[in-house]
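Read through the structure below, which is laid out as structure tokens, and then see the notes.
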Amino acid sequence: MARISLEDLELLEKDLLFYEKVSVCFLLLRGQRDLNFLLEKLITAFKINRIGRLEDTKIITPWARSDPDYKWREHLVEALAIVKSNKVLKKLGFELSDLQETYHPHIDEFSVHVHPILKILYRMCEKMPRNGRQRLIQHIRNDCQDFINVGVDAEDFLEIYFLSWIQLKIISIGDKSGLGAQIDKVLEFLKVNEMDEFYDKLTKFTATSLDATVQEGSSPVRPKQPPKNNEMKEINEENYFQMNPDAMGYVVIVNEKNFHRDPLRIVETSFLQRDLETRHGTEKDVESLRETFSALGFSVIVKDDLTSDEILTSLAEYVEKTASRSFSSLIIVMLSHGFEGSIYGSNSIPVEIRRIKEALYCEKLKDIPKILIIQACQNNDAFLNGKLTIDAAPSVDAAANLLVAFSTVEGFVSIRHTTEGTWFIQILCSKIRQLYKKEHFGDILTKVTCEVAAQIGDGGQKMMPKYESTLLKNLYFFPQ
């Protein structure tokens with residue numbers, strides 16, 4: 001693939017039309033320093049020359065020179081490909097077919113160096129009709145006291161308005177993956193105007209999208225917005241776990257959807273008064289968990305329909321892998337039916353939560369955080385004729401740094417929507433995406449508990465999650 005030199009940039013800027021330069025600069029945004037520089041330069045350029053080429057306006061060249069160690073070439077080429085500046089790319093020696101395979105510029109949800117939300121917003125600017133752009137600008141102006149007319153009186157350059165709104169904190173694009181984005185005002189406009197294509201693409205980046213679900217027939221939960229101040233809390237380094245961004249750890253999801261009775265172990269399921277039902281909707285929880293933790297740098301492993309023996313075997317496998325690879329943490333998520341003190345394998349044989357915890361009581365892992373999340377009922381209902389006992393942990397030291405989060409307290413059911421997943425997992429994922437840079441996991445769980453406890457199903461059903469912890473430090477889901 002061809003390589004751009006700093007000397008090429010001056011010729012490139014002369015070849016770009018102004019509307020192309022606006023779009024490319026919008027897609028080059030990396031952070032606050034870029035924001036102030038790009039916005040100032042674009043507004044000045046627009047005022048100086050309303051039409052045609054801006055041969056004397058240098059924006060991309062100083063942008064690249066400001067951080068020569070950054071992969072500015074790859075970022076710029078991707079932006080040019082998205083904007084379809086094909087003549088410029090060919091002149092620089094690039095094969096368009098190679099760029100298609102590398103950057104997939106035609107796929108809105110795919111990006112490599114360009115911020116994913118900016119790519120979708122750019123595509124929205126391109127596809128939205130002129131009267132739609134006018135209405136969006138008026139919508140933001142009416143709703144925001146901080147709105148400032150940046151001097152751009154042409155709706156054709158909506159990207160400059162977006163840069164201004166980001167600078168004024170009217171909207172926020174979150175981190176480099178889009179986590180923590182605050183684009184509610186844009187989403188409100190898209191929803192009211194039935195622009196479903198871009199509404200659907202943008203909602204997955206924001207914790208305020210309608211992704212927290214409720215029991216069938218009732219209204220979706222809309223989580224509260226985080227504080228406008230997106231700065232991370234000041235924390236004492238001695239009081240939190242160090243997370244390696246290159247080795248965050250495994251998230252092992254044991255997803256029990258389908259159940260059967262093993263004819264060779266019929267005695268072990270004789271206490272069941274009826275067959276366990278298929279857990280419809282669990283795939284929604286898996287999807288939310290995968291998206292949430294993958295974006296945070298974890299390696300997400302999904303294990304479907306494990307038997308009771310396979311559950312313990314898989315846990316032992318990933319405990320050993322975590323120790324051998326010096327990962328920062330280990331997270332286990334159990335999605336199944338259950339009763340007080342136990343969860344079911346796919347063969348309808350219960351596994352005591354005590355045994356799952358003991359599998360995590362490993363001397364090799366005693367200094368790293370281990371999280372066990374259990375989405376299962378914890379009541380002794382008509383499924384059962386008996387109850388298993390609970391014994392003590394084998395080692396006090398090995399039991400350190402384990403947090404267990406239950407979707408419900410002992411003796412009560414856990415509510416699951418048959419298509420949208422469970423209250424607990426959906427709200428948990430939403431809160432992690434919303435708060436992971438500002439709150440440690442214990443505080444996030446407290447907010448999850450409050451929000452789940454506030455839900456009421458159509459039949460008056462309620463839930464009360466809980467967690468127990470031996471963590472010796474606070475756990476933040478961002479690398480240091």
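- Smallest separation of non-hydrogen atoms from Tyr70 and His75: OH-ND1, 2.7 Å.
- Partner Met334 forms a side chain to side chain contact (heavy atoms under 4.5 Å, CB included) with one of Leu372, Ile373, Val252, Leu306 and no other, that one being Leu372.
- Using cut-offs of 30° and 60° for the angle between ring planes, the Trp165 and Phe162 rings count as perpendicular.
- A side chain to side chain contact (heavy atoms under 4.5 Å, CB included) with Leu190 is found for exactly one of Asp196, Leu136, Leu202, namely Leu202.
- Between Lys58 and Glu10 there is no salt bridge, since none of the side-chain N atoms of the basic residue sits less than 4.0 Å from a carboxylate O of the acidic one.
- The cationic atom of Lys201 (NZ for Lys, CZ for Arg) lies less than 6.0 Å from the six-membered ring centre of Phe198 and within 45° of the ring axis.
- The structure places CD of Glu256 at 6.0 Å from CG of Asp305, a figure rounded to the nearest 0.5 Å.
- Listed here is the closest heavy atom pair of Pro369 and Ser328: CD-O, 3.3 Å.
- Qualifying side-chain hydrogen bond (donor to acceptor under 3.5 Å, both in side chains) partners for Lys257, counting only residues two or more places apart in sequence or in other chains: Glu283.
- Annotation: Phe477 is not in aromatic contact with Tyr436 [ring centroid separation under 6.0 Å not met].
- Here the two rings, on Phe46 and Phe157, have centers that are under 6.0 Å apart.
- Taking the ring centre of Tyr318 as origin, the terminal cationic atom of Lys321 falls inside the region bounded by 6.0 Å and 45° from the ring axis.
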